[in-house]
Amino acid sequence: MNLWKLSAIIWVEPDLYRESPSAVVMGKIPIGGIKLGPRLHLLKIRHPPTGDPLRWNLWEKLTERKINLFYLTTVCTNTHVETAFCILQENEGPVWDLLHSDGRLKARVRLVPAVGPLSIFPHQYSFEMFGLSLSALGKARIPLHGLASSVSSLTFLTDYDLLDSAAAAMLEFLELPSGQAPIRQPIPQPAENPEEIPV
């Protein structure tokens, strides 16, 4: 089934998935693991599709302040580009001060507080796994703030306080290795002496 048609069915016709997602497939899909990420803040900035120096100015200022980005996606249309990225909760103050220092930038940015990433790995290049993941979140009434795919994992961004519920919803059709539970990623800590960290 075409991926876009599948997404339309999931969101427009939820009654088709009223039963547990595990009923849609024979048995459960084996995976390597589920990782639950730290508490983050999501920021979305909307800007014109071309010739916008404001976005690059933001990246330069974040780099100057040594603020790491933990999630980065871009959606492009004919009229605008929306870039979404996450920061640690401890960086909220410096980033908010940065946004307030430029009225044009502040007007284009929307903040979604207290989100968390849930990653499934490996994704096995499976559209079925992707569609059932969206269906499971929708069935459990868990909001989806963003999603991304890497070489090996699918990452869903939802409310941080609902990460455990999201993992439970996924496990209705996914099967972890025997004796394994979802992995809770610790909050990254700044290094006391970066020069001593082996590369």
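Everything numeric here is computed off the predicted structure, so don't read it as measured data.
Put simply, the side chain of Val95 does not reach to within 4.5 Å of the side chain of His41, judged on heavy atoms. Using a 4.5 Å heavy-atom cutoff, the side chains of Ser133 and Phe173 are in contact.
With sequence neighbours excluded, the residues satisfying side chain to side chain donor-acceptor pair (under 3.5 Å) with Asp159 are His145. Remark: Ser150 engages Ser153 in a side chain to side chain donor-acceptor pair (under 3.5 Å) (not counting sequence neighbours). For Thr77, the side chain to side chain donor-acceptor pair (under 3.5 Å) partners are Thr79, His80, not counting sequence neighbours. With sequence neighbours excluded, the residues satisfying side-chain contact (heavy atoms from CB on, under 4.5 Å) with Glu175 are Lys28. For Glu92, the salt bridge (Lys or Arg N to Asp or Glu O under 4.0 Å) criterion is met by no residue, not counting sequence neighbours. Residues satisfying the salt bridge (Lys or Arg N to Asp or Glu O under 4.0 Å) criterion with Arg184, sequence neighbours excluded, are Asp164. Phe85 meets the ring pair (Phe, Tyr, Trp, His ring centres under 6.0 Å) test with Trp59; sequence neighbours excluded. Checked against side-chain contact (heavy atoms from CB on, under 4.5 Å), Ala114 has the following partners two or more places apart in sequence or in another chain: Arg39. The side-chain contact (heavy atoms from CB on, under 4.5 Å) check on Ala148 picks up Tyr71, Thr73, with sequence neighbours excluded. Here Ser149 pairs with His123, Leu154 under the side-chain contact (heavy atoms from CB on, under 4.5 Å) rule; sequence neighbours left out.
The two residues Gln180 and Gly32 come nearest to each other via the heavy atoms NE2-O, 3.0 Å. Of all heavy-atom pairs between Ser101 and Lys61, the closest is OG-NZ, 4.5 Å. A pairwise comparison of heavy atoms in Pro117 and Pro38 identifies CD-O, 3.6 Å as the closest pair.
The salt bridge (charged side-chain N to carboxylate O under 4.0 Å, His left out) contacts involving residues 64-81 comprise nothing, where partners must be two or more places apart or lie in separate chains. Within the structure, salt bridge (charged side-chain N to carboxylate O under 4.0 Å, His left out) pairs that include any residue of residues 67-87 comprise Arg46-Glu82 (at least two apart or interchain).
Between atom CG of residue Asn91 and atom CD1 of residue Ile67 there is a gap of 5.0 Å, rounded to the nearest 0.5 Å. Taken to the nearest 0.5 Å, the CG atom of Leu163 stands 9.0 Å off from the CD1 atom of Ile142. Distance check, rounded to the nearest 0.5 Å: OH of Tyr160 to CG of Leu36 gives 8.5 Å. Here the CD1-NZ distance, from Ile120 to Lys35, works out to 13.0 Å after rounding to the nearest 0.5 Å. Taking CZ of Phe121 as the start and CD1 of Ile183 as the end, the distance is 4.5 Å to the nearest 0.5 Å. Distance CG/Leu43 to CG/Leu69: 9.5 Å, rounded to 0.5 Å.
In this structure, the side chain of Thr155 does not engage the main chain of Ser119 through any donor-acceptor pair within 3.5 Å.
Val75 and Val112 fall into different hydrophobic clusters, where Ile, Leu, Val, Met, Phe, Trp and Tyr side chains are chained together by heavy-atom contacts under 4.5 Å.
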Exercise for review: Let me see the working for Ile87 and Leu40 under side chain to side chain contact (heavy atoms under 4.5 Å, CB included), right down to the final yes or no.
Suggested key: CA-CA 6 Å; Ile87 59 171; Leu40 303 169; over 6 Å; no
**Study point:** Met170/Leu137 under side chain to side chain contact (heavy atoms under 4.5 Å, CB included): CA gap, chis, key distance, verdict
**Key:** CA-CA 8 Å; Met170 298 288 190; Leu137 294 176; 3.9 Å; yes
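Checked against Leu157 for a side chain to side chain contact (heavy atoms under 4.5 Å, CB included), the options Leu118, Leu144, Val115, Leu147 give a single hit: Val115.
The environment of Lys44 atom NZ is dense: over 12 non-hydrogen atoms of other residues, nucleotides or ligands sit within 6.0 angstrom.
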